[in-house]
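For reference, the structure discussed in these notes is given below.
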Amino acid sequence: MSDAKVERVYCPVCLAKFKYSEGWSEGSVVVCPICGERLTLRKTADGWIGDRVDRGTEKEIRSRIDGFAEIRGYVFNDVKEDIVEGLLGKYKRFGDFYCPCRMEHVPEYQCPCKPTRGGDVEKNGKCHCGLFWKKA
Amino acid sequence: MAEKHKIVVYALSTCPYCKRTKRFLDDHKVAYEHIDVDLLDDSKQDEVLDKVEKLTGMRSFPVVVIGTEHWVGHDEQRLKKALNL
Ligand SMILES: [Zn+2]
């Protein structure tokens, strides 16, 4: 057994830490396996942190939701474009990509929201907003 | 007829289903009042949220009020029926 501690990367979107993989280094662009965000790795005194790639742009949120859908095997329907527009509205008016179908502007409702990361789509067939759908 | 009833849509400025309800009413040239609850200032927002919660028992949008009838969500069949479209 190795006594090396497993290194982790902090994701500023879902506020969780995921496992640091072999072959990564400072400046590597990786995808958060929990929320789908693209992150540039940076080493700090407190460990690895991911910086959001293209932060605050349409490119960022599209790549995040596409990445999340790919990781989980979810699909979209024709509401997607309206929801992306809503997400951009949330960023503009409330400072981040919060769920466009909710009033609350708190980290746990950053899209994909915590209930969605926790398996709501498996349970209900879709997320609260109807962005992510379970494959039929 | 539609004109007889006051129509109010409580919405969030960012919610896609709220947008669809508004678009449906616009497309059918129905006059209505719409309130984007997320864009109200705090005290006004509390007041409207209270009203919505009393009416529907929840904080989901859109809320459509037509005369004495109301419901939560974008529902074209219901809109058509309530407005005789
Ligand atoms: Zn993440």
Side-chain angles (χ1 to χ4, degrees), chain A residues 13 56-62 64-66 68-69 74-116 120-121 123-134, chain B residues 7-30 32-66 70-80:
Chain A
V13 171
T57 63
E58 182 169 346
K59 205 170 155 198
E60 180 193 21
I61 191 59
R62 279 189 188 277
R64 184 194 303 167
I65 61 179
D66 289 349
F68 181 76
Y74 298 152
V75 291
F76 299 108
N77 66 15
D78 66 348
V79 186
K80 182 185 181 185
E81 290 310 310
D82 283 339
I83 293 182
V84 169
E85 201 187 306
L87 283 162
L88 292 168
K90 282 287 191 195
Y91 194 95
K92 208 164 103 197
R93 277 165 232 143
F94 301 104
D96 221 329
F97 294 116
Y98 301 110
C99 175
C101 301
R102 300 184 202 259
M103 284 281 305
E104 294 84 359
H105 306 119
V106 293
E108 67 178 283
Y109 290 142
Q110 170 97 239
C111 180
C113 67
K114 204 170 170 191
T116 301
D120 254 17
V121 178
K123 236 185 299 165
N124 306 325
K126 64 179 186 73
C127 73
H128 174 74
C129 213
L131 173 61
F132 301 107
W133 292 75
K134 205 165 142 179
Chain B
I7 303 170
V8 185
V9 178
Y10 295 98
L12 298 181
S13 66
T14 53
C15 134
Y17 310 98
C18 303
K19 213 167 102 184
R20 287 181 179 206
T21 290
K22 292 182 207 165
R23 200 189 292 148
F24 179 92
L25 293 170
D26 291 340
D27 288 349
H28 289 84
K29 310 223 177 327
V30 176
Y32 62 98
E33 183 190 343
H34 93 260
I35 298 164
D36 283 333
V37 181
D38 57 326
L39 301 184
L40 299 172
D41 62 48
D42 286 353
S43 62
K44 184 75 190 153
Q45 188 176 85
D46 287 346
E47 186 190 315
V48 173
L49 276 173
D50 263 10
K51 209 155 128 189
V52 165
E53 246 180 317
K54 256 185 211 128
L55 195 65
T56 66
M58 51 183 158
R59 288 183 173 205
S60 273
F61 299 93
V63 175
V64 181
V65 183
I66 300 181
H70 71 264
W71 63 85
V72 181
H74 175 61
D75 188 336
E76 289 199 6
Q77 292 316 314
R78 227 165 150 180
L79 280 165
K80 279 183 186 161

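Chain letters run A, B, ... following the sequence lines, proteins first and then strands; every chain starts at 1.
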Open item on the list: Does B:Asp42 have more than 12 heavy atoms from other residues, nucleotides or ligands lying within 6.0 Å of its CG?
Closed with: no

TODO: List the steps, then state whether salt bridge (charged side-chain N to carboxylate O under 4.0 Å, His left out) holds for B:Arg23 with A:Asp82.
DONE: CA-CA 12 Å; B:Arg23 200 189 292 148; A:Asp82 283 339; 3.7 Å; yes

Open item on the list: Please check if the number of heavy atoms outside B:Lys22 that lie under 6.0 Å from its NZ is greater than 12.
Closed with: yes

TODO: Measure distances from A:Tyr98 to the heavy atoms of chain B and classify the residue's part below 4.5 Å as side chain, backbone, both or neither.
DONE: neither

- [ ] Assess whether atom NZ of A:Lys126 is packed by more than 12 heavy atoms of other residues, nucleotides or ligands within 6.0 Å.
- [x] yes

Open item on the list: Just verifying a value: how many Å separate B:Cys15 SG and A:Lys90 NZ, rounded to the nearest 0.5 Å?
Closed with: 9.0 Å

Task: Heavy-atom closest pair, residues B:Arg20 and A:Val79 - done: NH2-CA, 3.8 Å

Task: Euclidean distance, A:Arg102 CZ relative to B:Thr14 OG1, rounded to 0.5 Å - done: 11.5 Å

- [ ] Quick one: closest heavy-atom pair of A:Ile83 and B:Pro16, and the distance?
- [x] CG1-CG, 3.4 Å

Open item on the list: Looking at every heavy atom in both A:Cys101 and B:Tyr17, which two are closest together, and how far apart are they?
Closed with: SG-CE1, 4.2 Å

